[in-house]
Amino acid sequence: MKSFQKLPPQFQCAEVKEYYDILCKKQGSLILKRVLDIFASVILLVFLIIPIAVIAVIIKIDSKGSVFYKQQRVTTYGKKFKILKFRTMITGADKLGSLVTTDCDSRVTDIGRFLRKYRLDELPQIFNVLSGSMSIVGTRPEVQHYVDMYEPKYFATLLMPAGITSLASIMYKDEEKLLKGEMNVDRIYVEKILPEKMKFNLSYVKNFSFGSDIKLMFKTIKEVFS
């Protein structure tokens, strides 16, 4: 981990220092976490390369636009990266509404709804994991727009790589339904949903261990197929 004094200014506060000190004592688990990321993503890629190719063809046939969707997100120490997903919305959807998707969002394509339901749109993030910009388990990365609204303690979630899955994403798997019918989606997300998700995210960082990552991986698989 970086020296605390070398972290971005917004990280250098007492609220973040508490979590930083905890993680500094878990360097071995952090190394094992990266080893697991590489091993698991390579194995997954071997088994999923054909399904990924099939989904790509279906998306191309289903609607106009690129197969993949790239969006700038924020990960470790506030570093920006391009998250990779299968495109589930019409081209230019981010310019036609909120950055948060709601249930029955008209911007979502037919195949996109299916992919979102089973989280298949997240499969290309295996490449993000291999590149080191993400981990299999971690806090879900936010766009800069929402990071700019973080309370000081929330920056502790950026002491570790962003993840494909997290306890918060499992607990809020029906987030789109919670936002259904809301007039100001951004306000509801920032004031109500984000703080609740952050409770889970901060708990993950505070109680992080190699074993907890393994448990969350299996919990995610169970939730996807339940």
Side-chain angles (χ1 to χ4, degrees), residues 1-41 71-81 83 100 119 122 125-126 128-173 175 189-223:
M1 293 182 68
K2 280 188 177 182
S3 166
F4 189 74
Q5 290 71 29
K6 292 184 179 180
L7 296 180
Q10 62 268 39
F11 286 62
Q12 296 183 37
C13 59
E15 292 90 342
V16 174
K17 186 66 161 60
E18 175 187 352
Y19 294 89
Y20 177 85
D21 289 341
I22 291 173
L23 290 177
C24 279
K25 298 175 183 178
K26 300 182 178 181
Q27 297 284 4
S29 290
L30 290 170
I31 292 172
L32 286 174
K33 178 182 179 67
R34 182 56 187 155
V35 172
L36 174 64
D37 282 341
I38 296 172
F39 176 78
S41 54
Q71 186 184 51
Q72 190 176 81
R73 298 287 182 96
V74 182
T75 187
T76 320
Y77 308 136
K79 181 181 178 181
K80 298 180 180 64
F81 76 104
I83 193 171
V100 179
R119 299 187 68 178
E122 313 283 358
Q125 286 165 47
I126 293 174
N128 285 125
V129 174
L130 283 171
S131 71
S133 56
M134 290 185 72
S135 178
I136 291 177
V137 179
T139 61
R140 287 297 293 167
E142 297 283 359
V143 296
Q144 188 66 52
H145 173 72
Y146 295 125
V147 174
D148 290 340
M149 302 179 191
Y150 275 11
E151 294 180 15
K153 63 181 177 180
Y154 293 170
F155 287 103
T157 64
L158 297 177
L159 292 172
M160 298 176 67
I164 294 178
T165 187
S166 69
L167 182 57
S169 62
I170 293 173
M171 300 303 293
Y172 278 83
K173 64 178 182 178
E175 178 183 308
Y189 182 77
V190 172
E191 294 181 2
K192 294 185 178 181
I193 294 180
L194 183 60
E196 291 301 313
K197 289 170 70 173
M198 279 299 174
K199 290 179 183 178
F200 291 110
N201 290 338
L202 289 169
S203 176
Y204 167 73
V205 176
K206 189 172 186 177
N207 299 295
F208 163 72
S209 70
F210 181 70
S212 67
D213 271 18
I214 298 294
K215 289 179 182 178
L216 273 173
M217 286 174 64
F218 282 106
K219 186 175 179 64
T220 299
I221 294 172
K222 181 180 178 180
E223 287 296 324

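These figures come from a predicted structure and were not determined experimentally.
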Between R140 and S169, the two heavy atoms sitting closest are CG-CB, 3.8 Å
Given the rule in the side-chain contact (heavy atoms from CB on, under 4.5 Å) test, do V137 and I164 qualify, once you have shown the distances and angles that lead to the verdict?
CA-CA 6 Å; V137 179; I164 294 178; over 6 Å; no
Main-chain N/O of G138 paired with S135 side-chain donor or acceptor, under 3.5 Å
no
Side chain to side chain contact (heavy atoms under 4.5 Å, CB included) filter on I22, not counting sequence neighbours, yields K26, K206
Pairing residues for F81 by the ring pair (Phe, Tyr, Trp, His ring centres under 6.0 Å) criterion, not counting sequence neighbours
none
Can you name the residues that form a ring pair (Phe, Tyr, Trp, His ring centres under 6.0 Å) with F4, not counting sequence neighbours?
Y20
Angle class for the Y172/F200 ring planes (parallel below 30°, perpendicular above 60°, tilted otherwise)?
perpendicular
Are side-chain N/O atoms of D37 and S41 paired as donor and acceptor at under 3.5 Å?
no
Check each of Y19, F11, Y77 against F155 using the side-chain contact (heavy atoms from CB on, under 4.5 Å) test, and report the only one that passes.
F11
Got K197 and T139 here, is their nearest side-chain heavy-atom distance under 4.5 Å?
no
With rounding to the nearest 0.5 Å, note down the distance linking CE in M217 to OG1 in T165.
9.5 Å
If you measure from CD on Q144 to NZ on K80, what distance do you get to the nearest 0.5 Å?
4.0 Å
